[in-house]
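Report on one structure; see the data block that follows.
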Protein chains: 2
Amino acid sequence: MSEDFIEQLRGYVADNGLKSSRQREIIAEVFFGCEEHVAIDQLLSKAREKDTKISQATVYRTMKLLSECGLAKMRHFQSGQTLYEVSDGQKGHHDHLICLGCGKIIEFVNAKIEQLQHDIAEQHGFELADHRMELYGYCDAAKCAEKKRA
Amino acid sequence: MSEDFIEQLRGYVADNGLKSSRQREIIAEVFFGCEEHVAIDQLLSKAREKDTKISQATVYRTMKLLSECGLAKMRHFQSGQTLYEVSDGQKGHHDHLICLGCGKIIEFVNAKIEQLQHDIAEQHGFELADHRMELYGYCDAAKCAEKKRA
DNA sequence: GTCAGTGCAAAGGTTTTGCAATTTA
DNA sequence: TAAATTGCAAAACCTTTGCACTGAC
């Protein structure tokens with residue numbers, strides 16, 4: 001499946017008069033192989049395991065390209081940090097449940113909420129294009145329940 | 001009502017062994033007088049209409065203070081920009097509907113969604129602490145409906 | 001007088017960009 | 001060979017901080 005994404009990338013590259021590169025393939029491979037949300041420096045260090053010389057600029061440029069061709073999506077979380085995830089269009093839309101204790105991020109979808117969101121947009125004369133919902137709380141791990149009290 | 005917020009700020013300052021200052025009062029006044037969401041540079045330029053010499057650092061420091069005492073809340077939107085709004089605790093919780101055409105931000109609350117959010121958190125063993133929901137779309141203004149097509 | 005607050009400029013952190021060298025088609 | 005890609009370092013942002021000075025208590 002990761003290979004599938006790489007194919008899409010190659011198609012985009014070919015269709016737009018761009019050229020392939022080893023670095024870009026490595027970064028894309030690392031990105032699509034990531035469980036969920038990754039930061040630039042995580043991508044960089046993982047990419048460097050395969051090629052020591054990959055630069056941070058190339059990671060930024062590759063992620064920008066992946067965003068443009070709809071394979072990646074940049075997200076700004078409440079904490080302010082920027083993370084990338086495989087685009088909704090590729091792996092299905094989902095929202096996030098985030099633990100303030102351990103940072104764990106759980107993805108979920110709720111059809112009723114999706115419906116209500118459309119209703120609300122309509123009520124205000126909006127044509128909905130996208131949305132994000134993030135729930136912040138503490139998971140059931142002991143240390144997280146403890147942090148909650150503090 | 002803006003005066004009411006200023007009073008709360010004064011109370012916090014007094015209770016914590018801090019001192020009052022003209023600049024801080026001006027910035028707070030500007031902030032509480034803002035319709036909705038403001039960026040640092042907007043606050044700075046509005047504050048400078050009342051006192052030319054106010055520095056950016058003071059605006060940052062004041063907004064940090066207002067966040068600490070629960071009067072302001074910092075928000076990171078999808079675009080990546082950081083905006084401040086009067087805290088939920090002060091003006092009631094709400095979510096956002098944002099026009100991608102003109103940038104207009106509408107606040108709303110939907111009890112059903114709030115309920116569903118709690119249900120979801122519970123299903124995953126989470127204790128909900130906070131949440132955010134942002135709907136992005138195009139409002140019914142002609143120019144915005146047009147941008148949508150592009 | 002003491003200590004918090006301020007303005008300025010420098011320092012931090014993150015992301016983008018200019019450029020010469022390299023690689024792809 | 002022409003044009004895209006890369007790495008590096010500089011630049012561009014945004015935010016925080018150190019410091020000497022000012023102002024509140």
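In what follows, chains carry the letters A, B, and so on, assigned in the order in which the sequence lines appear, proteins first and then strands, with residues in each chain numbered from 1.
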Within this structure, what is the [atom1]-to-[atom2] distance between [X] and [N], rounded to whole angstrom?
{"X": "B/L65", "N": "C/dA4", "atom1": "CG", "atom2": "P", "answer": "13 Å"}
{"X": "A/Q42", "N": "C/dT14", "atom1": "CD", "atom2": "C1'", "answer": "15 Å"}
{"X": "B/I26", "N": "C/dG5", "atom1": "CD1", "atom2": "P", "answer": "16 Å"}

Contacts of B/S45 that satisfy side chain to side chain donor-acceptor pair (under 3.5 Å) - sequence neighbours left out |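 With sequence neighbours excluded, B/S45 shows a side chain to side chain donor-acceptor pair (under 3.5 Å) to no residue whatsoever.
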Just jot down the side chain to side chain donor-acceptor pair (under 3.5 Å) partners of B/S21, sequence neighbours excluded, or say none.
->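 Partners of B/S21 under the side chain to side chain donor-acceptor pair (under 3.5 Å) test: none.
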Less than 4.0 Å between a side-chain N and a carboxylate O, is that true for [Y] and [X]?
{"X": "A/K73", "Y": "A/D130", "value": "yes"}
{"X": "A/E134", "Y": "A/R75", "value": "yes"}
{"X": "A/R132", "Y": "A/D95", "value": "no"}

Protein proximity profile, nucleotides 15-25 of chain C - base contact B, sugar-phosphate-only contact S, no contact -, cut-off 4.0 Å on heavy atoms | BBBB-----BS
Quickly, which of B/Q117, B/Q123, B/Q115 forms a side-chain hydrogen bond (donor to acceptor under 3.5 Å, both in side chains) with B/D119? Name it, please.
->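 That would be B/Q115.
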Residues in side chain to side chain contact (heavy atoms under 4.5 Å, CB included) with B/L100, at least two apart?
->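 Here the qualifying residues are A/A129, B/Y136, B/Y138.
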Test side chain to side chain contact (heavy atoms under 4.5 Å, CB included) applied to B/R10 - qualifying residues, sequence neighbours left out =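 Listed in chain order: B/E3, B/I6, B/E7, B/E25.
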Walking along DNA chain D from 5' to 3', note the first and the last nucleotide with an atom under 4.0 Å from a heavy atom of chain B, and give both.
->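 Contacts span D/dC14 to D/dC25, reading 5' to 3'.
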